[in-house]
Amino acid sequence: MQAAVLLACWSEGFGAIEAAHALADAGLAPQRRFWVVLDELWRVLRAGRGLVDRVDALTRLNRQRGVGQAMITHTMSDLLALTEEADRLKARGFAERAGMILCGGLPEAELSALTQVVGMSAAEQRMIVDWSTPPSWDNARARDGEPPGRGKFLVKVGGRPGIPVHVDLTPAELEVDRTNRRWT
């Protein structure tokens, strides 16, 4: 159900972009550029055989359409866990064709698949693995400490050295992002 809703929303979004371009081409609206976020990509890809083709079709010609996009998934394993070999190869192609890859903390086992797609130095790999380390216990507050990788990402563009960045969320974003509410 979630995959169907995501795919329907993405299709509707791309349809709205095409309509905006048609209006602009006819001189009825200003030319605009768009940024599309395809979050939870793994949900759609795993929902059924051949859905990789649908996502691929949605996203193939974005430069010509004036569209930038972010395809968000948790790990390379999400792309390689599909049942059909052809689907796995196409899904891997999403990462291979990406102009930029952002990595948060990942376990060491994940790096072999990732480094086949994007080159990383040993120092970059170590940094990403260190960010995935669980938080230590904070005795003063009797709870887990801050996770070492919270808000940390490595931006990789082509074969260039990665740029480590730190993202601080606003209080409102932190509230929305609290996915462990039921544990606290």
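Below, all heavy atoms of this structure are taken into account, side chains as well, without hydrogens, waters or symmetry copies. These numbers come from a predicted model, not from an experiment.
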Which heavy atom of [X] sits nearest to which heavy atom of [Y], and what is that distance?
X: Ser112; Y: Ala109; answer: OG-O, 3.7 Å
X: Glu124; Y: Pro161; answer: OE2-C, 3.5 Å
X: Ala20; Y: Phe34; answer: CB-CZ, 3.7 Å
X: Ile101; Y: Cys103; answer: CG2-SG, 3.8 Å
X: Val129; Y: Pro107; answer: CG2-C, 4.3 Å
X: Leu82; Y: Ala91; answer: CD1-CB, 3.8 Å

I would like to know whether Asp56 and Arg97 meet salt bridge (Lys or Arg N to Asp or Glu O under 4.0 Å); could you show each step before the answer?
CA-CA 11 Å; Asp56 192 42; Arg97 289 190 309 275; 3.0 Å; yes
Are the side chains of [X] and [Y] in touch, meaning some heavy atoms are under 4.5 Å apart?
X: Asp87; Y: Leu45; answer: no
X: Phe14; Y: Gln69; answer: yes
X: Ile163; Y: Val165; answer: yes
X: Ser77; Y: Leu79; answer: no
X: Met100; Y: Lys156; answer: no
X: Val55; Y: Phe94; answer: yes
X: Trp131; Y: Leu154; answer: yes
X: Leu106; Y: Leu114; answer: yes

Do Phe153 and Val157 sit in one hydrophobic cluster, given that two such residues count as connected whenever their side-chain heavy atoms are within less than 4.5 Å of each other, even indirectly?
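Shared cluster, yes.
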Mind checking whether Val155 and Val167 sit in one hydrophobic cluster, side chains of I, L, V, M, F, W, Y counted as touching below 4.5 Å?
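Yes, because Val155 and Val167 connect within a single hydrophobic cluster, where side-chain heavy atoms sit under 4.5 Å apart.
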Working to the nearest 0.5 Å, report the span between [atom1] of [X] and [atom2] of [Y].
X: Arg54; Y: Leu51; atom1: CZ; atom2: CG; answer: 9.5 Å
X: Ile128; Y: Thr115; atom1: CD1; atom2: OG1; answer: 10.0 Å
X: Leu169; Y: Arg150; atom1: CG; atom2: CZ; answer: 8.5 Å
X: Arg126; Y: Met120; atom1: CZ; atom2: CE; answer: 13.0 Å
X: Leu41; Y: Thr73; atom1: CG; atom2: OG1; answer: 5.5 Å
X: Arg43; Y: Gln2; atom1: CZ; atom2: CD; answer: 4.0 Å

So with a 6.0 Å cut-off around [atom1] of [X], is the heavy-atom count from everything else above 12?
X: Glu108; atom1: CD; result: no
X: Gln31; atom1: CD; result: yes
X: Arg49; atom1: CZ; result: no

Looking at [Y], is its backbone amide N or carbonyl O close enough to the side chain of [X] to form a donor-acceptor pair, meaning the two atoms are under 3.5 Å apart?
X: Glu173; Y: Thr170; value: yes
X: Glu110; Y: Met76; value: yes
X: Arg88; Y: Thr83; value: yes

I would like to know whether Val67 and Trp35 meet side-chain contact (heavy atoms from CB on, under 4.5 Å); could you show each step before the answer?
CA-CA 6 Å; Val67 174; Trp35 180 250; over 6 Å; no
What do the steps show when you test Val5 against Leu7 for side-chain contact (heavy atoms from CB on, under 4.5 Å), and what is the final call?
CA-CA 6 Å; Val5 169; Leu7 197 54; over 6 Å; no
Going through the distances and angles, do Asp39 and Met71 end up as a side-chain contact (heavy atoms from CB on, under 4.5 Å)?
CA-CA 6 Å; Asp39 197 2; Met71 298 173 88; over 6 Å; no
Residues Glu40 and Trp42: side-chain donor-acceptor under 3.5 angstrom:
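Present: a donor and an acceptor within the cut-off.
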